[in-house]
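Written below as structure tokens is the structure these notes are about.
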Protein chains: 2
Amino acid sequence: MALKNHQPLDPAYLEKLQDYYAEHKVIPSYSVLATLWGISAKSWVSECVRRFEEAGYLDWTPDRQLKPGARFFERRLAHDTVQAGLPNPALSDGYDLVTIDDYLVRVPSKTSLVRVKGESMIDAGIHDGDLIVVEQQPNANVGEIVVAIVDNEFTVKYLDREKGGFVLKPANKAFPVIRPQGRLEIFGVMAGLVRKTR
Amino acid sequence: MALKNHQPLDPAYLEKLQDYYAEHKVIPSYSVLATLWGISAKSWVSECVRRFEEAGYLDWTPDRQLKPGARFFERRLAHDTVQAGLPNPALSDGYDLVTIDDYLVRVPSKTSLVRVKGESMIDAGIHDGDLIVVEQQPNANVGEIVVAIVDNEFTVKYLDREKGGFVLKPANKAFPVIRPQGRLEIFGVMAGLVRKTR
DNA sequence: CGGTGCACAGAACGATTGTTCGGTAAGCTA
DNA sequence: TAGCTTACCGAACAATCGTTCTGTGCACCG
């Protein structure tokens, strides 16, 4: 059998695991890992896993199931271009980012998307047709951008307080402040924004 | 023991699983699923999993390990008109399902993300810290927003033409037009924008 | 030259896995 | 009222899991 010598042992293994995870969205069992890595002893897989765990690439759930660790998704935002060795382009912090969904959505069951209508929030960089990522919750703090329900329609506005009552302030001088009579129904708080331009 | 009657059986279970997955990035075992769902028989978990699999929310790896299915990452898109019975956002009615990645990324292999630095495009609703979804390609049309490489850094600007040469125009009167000497190196064209606000 | 690591193989084993099958209680239908 | 379906429970069981422990061969080192 062909024996291979990995000098640092790590990087090839990790990449294969990452590719597997990218395809299946799941960490495989030790025996699958063994064939994936070309190893024939589970004991050695166990040892390798331990090292990846030490390095922060793997982790365990409270139920002692193997899962991706904090550094597992480490990856450049912008990859180096096709050619011309330009240096690491401006990605300040080491971002971990699997998918855009993951970047924006913290609690899937409480998150939904709302399409923006009109230009009333244009000074906040929110344009007609943008999608707002909303975390559903019944109340919010002054200053946050909220999605409220006014006249059976979603409205995106800043939440503010005026003489003891809540008001909805647009980010556009051409639009009026909304002072709801009665109770203000808040659908959720803006957690992000998605715009498609092509 | 308190028994619960789920009419459609599905949505609450799925949401809990999605939240679990969002936290741990892994599908748990049947016994963990049982406690997660408040079920005490693995056989019933097995049946529920089968239904989710039939519906496309779960799937199996070639090694028969449970993994997220094609529809697992779908997100609710709330329409701009709210129907009356809102409190529990019922699936299907009034909601389209979409994953943000699919919405923004057409060609994964040619798409990357670039973080915006500065306020030079603020009039186009592009803020400092936003992520630009870029489709990599070496040239673009006048009027498109492009990501170019100037002085070894990414720059987001409108592409325009001036006296036979290409120039990069900011969307902010306080910033100057960039007139590159020599060839303009275009990294790609903006296809979307992602902003995280929470 | 002998020794001491290191990178792996292989077997053994208890724990946990998911499946199968049979049972029960409630609700609808006729 | 009987009968069927649905939503669950519980036990049993073979398969698979991950751990542990004991080799083995090569490489470097003095």
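Just so we're on the same page: letters track the sequence lines, and every chain starts at 1. Small disclaimer: the values here were computed from a predicted structure and weren't measured.
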| message | Going by the rule ring-ring contact (aromatic ring centres under 6.0 Å, His included), which residues pair with B:His24 if we only count those two or more places apart in sequence or in a different chain? | response | B:Tyr20
| Residue-phosphate contact under 4.0 Å: A:Ser46 side-chain N/O, D:dT20 OP1/OP2 | no
| pair B:Asp130-B:Val194: side-chain heavy atoms closer than 4.5 Å | no
| Do the side-chain N and O atoms of B:Lys157 and B:Ser120 include a donor-acceptor pair separated by under 3.5 angstrom? | yes
| field | Lys/Arg N to Asp/Glu carboxylate O, B:Arg51 vs B:Glu54, below 4.0 Å | value | no
| Atom CD of B:Gln65 and atom C1' of C:dG18: how far apart are they, to the nearest Å? | 12 Å
| remark: Contacts of B:Tyr103 meeting ring-ring contact (aromatic ring centres under 6.0 Å, His included) (sequence neighbours excluded), chain-then-number -> none
| said: Quick one about B:Trp60 and B:Glu53 (side-chain donor to acceptor, distance below 3.5 Å, no hydrogens or angles considered), yes or no? | reply: yes
| Below 4.0 Å: OP1/OP2 of D:dC17 and any side-chain N or O of B:Arg64 | no
| message | Nearest whole Å is fine: how far is C:dA9 P from A:Glu47 CD? | response | 13 Å
Check the interface with nucleotides 13-17 of chain C: list each N/O to N/O pair with the protein under 3.5 Å, or write none.
unit_1	atom_1	unit_2	atom_2	d
C:dT17	OP1	B:Ser29	OG	3.0
C:dT17	OP1	B:Ser31	OG	3.3
C:dT17	OP2	B:Ser31	OG	2.8

| task | Measure from the side-chain heavy atoms of B:Trp44 and tell me the nearest of D:dA7, D:dT19, C:dT19. | result | D:dA7
| request: Check whether any side-chain nitrogen or oxygen of A:Arg50 sits under 4.0 Å from OP1 or OP2 of D:dT20, and answer yes or no. | output: no
| field | Interatomic distance where CG belongs to B:Leu66 and C1' belongs to C:dT19 [whole Å] | value | 14 Å
| query | Taking the side chain of A:Ser43 as its heavy atoms from C-beta onward, which of D:dG10, D:dT19, D:dC21 lies nearest to it? | reply | D:dC21
